[in-house]
Participant: 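Take a look at the following structure, please.
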2 protein chains.
Amino acid sequence: MATKTVVTEKRYRIGEFATKTGLSGPTLRYYEKEGLVKPHRSDNGLRYYTDADASWIKFLLHLKGTGMTIEQLKQYVAWRAEGDATITKRLQLLKNVRRGFLQEFEELQHSMTILNDKIDWYQGKVDGHISDNEGFANYLASLNHEE
Amino acid sequence: MATKTVVTEKRYRIGEFATKTGLSGPTLRYYEKEGLVKPHRSDNGLRYYTDADASWIKFLLHLKGTGMTIEQLKQYVAWRAEGDATITKRLQLLKNVRRGFLQEFEELQHSMTILNDKIDWYQGKVDGHISDNEGFANYLASLNHEE
DNA sequence: CTATGAGTTAAAGTCGACTTTAACTAATGT
DNA sequence: ACATTAGTTAAAGTCGACTTTAACTCATAG
């Protein structure tokens with residue numbers, strides 16, 4: 001009789017998983033304490049994570065990247081655990097997050113413009129294109145940005 | 001002999017200036033303590049700010065918005081106080097800030113894509129376009145984003 | 001001229017998001 | 001077997017960026 005081979009999903013212990021996700025071990029434990037991720041335990045009591053857990057963490061980090069706080073993520077995860085009944089709540093939460101994010105995004109673009117102008121101005125001074133005593137306000141006025 | 005009228009710049013006391021800049025009084029004092037802004041004093045000892053101070057604060061807030069920390073702003077301000085000898089240093093600092101900011105910007109855009117996809121997925125579930133048991137991973141795969 | 005609302009200072013407190021410490025147990029290479 | 005290296009917990013500490021408190025003084029309308 002041939003040996004039966006059970007294909008088991010890869011198990012990552014916390015150290016390897018930390019490397020994989022770019023988080024630290026303590027941060028993973030912290031996220032777990034906050035209920036954001038639920039690793040599994042091997043028979044010996046050590047945590048292990050799977051590739052599915054990695055996808056989940058990545059998704060969470062993207063949400064976090066859009067400005068969601070840990071508290072908001074906890075709310076989202078709590079609703080998710082409640083099942084389909086909370087789908088509209090989750091959708092609403094994500095839409096609110098997107099609204100805030102878009103707003104922030106516009107401000108970022110404006111700041112980027114200002115930063116670029118300032119860099120150009122300094123570059124001009126360094127390269128001698130801008131007279132020694134032309135101020136930045138002056139220079140800005142010479143561009144056509146609204147403020 | 002006609003009365004001489006000296007046109008004086010408007011003076012904002014801290015409360016009015018806080019409203020004008022969107023910062024709080026304590027925050028303005030904090031920034032002052034960190035050397036980011038130097039308000040003036042009237043004869044009675046109260047702080048006052050001018051429109052030029054407001055422009056300066058706005059500029060600082062834009063830099064802050066691009067990800068500069070208070071410490072970096074302090075460095076920038078310190079160099080600025082040293083005069084033209086530090087222009088290349090300041091230019092270099094701002095360019096570094098821009099590099100980091102652009103990098104962050106790309107990550108933000110990616111997160112935005114994920115957030116949008118997730119919202120679309122929820123919307124699909126709510127509207128019934130997506131079958132009850134199609135997971136997000138599945139849905140993502142049906143789009144053509146790289147990850 | 002006095003009540004009420006700003007403004008003053010220095011110092012302590014808060015908050016979010018981790019990080020570090022301490023005191024342990026488990027796994028692994030030689 | 002033993003020395004490293006990795007993992008375990010709960011609790012305390014850190015850090016950046018403010019915010020709050022306390023104990024004052026100053027400004028101004030009635």
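Letters go in sequence order (proteins before strands), and every chain restarts at 1. Keep in mind that the numbers below use all heavy atoms, side chains included, and drop hydrogens, waters and symmetry copies.
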Participant: Just so I know, are the side chains of A:W79 and A:L93 near enough to count as touching, which here means a heavy-atom distance under 4.5 Å?
Facilitator: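 Yes, their side chains come closer than 4.5 Å.
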Participant: Check the distance between D:dT5's C1' and A:E16's CD and give it to me in whole angstrom.
Facilitator: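 Result: 15 Å.
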Participant: Could you walk me through whether B:Y12 and B:D51 pass side chain to side chain donor-acceptor pair (under 3.5 Å), step by step?
Facilitator: CA-CA 8 Å; B:Y12 302 88; B:D51 285 307; 2.7 Å; yes
Participant: Starting at CD1 of B:I14 and ending at C1' of D:dC26, how long is that distance when rounded to a whole Å?
Facilitator: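 Whole-Å distance recorded here is 14 Å.
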Participant: With under 30° as parallel and over 60° as perpendicular, where do the rings of A:Y122 and B:Y76 fit, or are they tilted in between?
Facilitator: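 The arrangement is perpendicular - the two ring planes meet at more than 60°.
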Participant: Take the protein atom OH of B:Y12 and the nucleotide atom P of C:dG7, then report the distance between them rounded to whole Å.
Facilitator: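 That distance rounds to 14 Å.
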Participant: Are A:R47 and D:dG7 close enough that a side-chain N or O sits under 4.0 Å from OP1 or OP2?
Facilitator: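 Answer no for this pair, as no side-chain N or O of A:R47 is under 4.0 Å from OP1 or OP2.
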Participant: Atom OH of B:Y49 to atom P of C:dA6: distance rounded to whole Å?
Facilitator: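 Answer to the nearest Å: 16 Å.
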Participant: Could you label the plane-to-plane angle of the B:F101 and B:F105 rings as parallel, tilted or perpendicular, counting under 30° as parallel and over 60° as perpendicular?
Facilitator: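 Ring orientation, 0 to 90° scale: perpendicular.
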Participant: Starting from the first five and the last five pairs of the helix from C:dC1-D:dG30 to C:dT30-D:dA1, work out the angle between the resulting helix axes, to 10 degrees.
Facilitator: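 For the helix from C:dC1-D:dG30 to C:dT30-D:dA1, the axes at either end differ by 10°.
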Participant: Ignoring backbone atoms, establish whether A:R41 has a side-chain N or O less than 4.0 Å from OP1 or OP2 of D:dT8.
Facilitator: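 Yes, A:R41 has a side-chain N/O under 4.0 Å of OP1/OP2 on D:dT8.
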Participant: How about B:L23 and B:Y30: do any of their side-chain heavy atoms sit closer than 4.5 Å?
Facilitator: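 A side-chain contact under 4.5 Å is absent here.
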Participant: Is the shortest side-chain heavy-atom distance between A:V77 and A:K74 below 4.5 Å?
Facilitator: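 They are not in contact (no side-chain heavy atoms under 4.5 Å apart), so the answer is no.
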Participant: With a 4.0 Å cut-off on N to O distance, would you call B:E82 and B:K89 a salt bridge?
Facilitator: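 A salt bridge is absent here (no side-chain N lies under 4.0 Å from a carboxylate O).
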Participant: When you compare the side chains of B:D53 and B:T50, does any donor N or O come within less than 3.5 Å of an acceptor on the partner?
Facilitator: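 Result is yes, a qualifying pair exists.
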Participant: Reading nucleotides 16-30 of chain C from the 5' end, what letters show protein touch, with B for base, S for backbone sugar-phosphate only, - for no heavy atom under 4.0 Å?
Facilitator: -BBSB------SS--
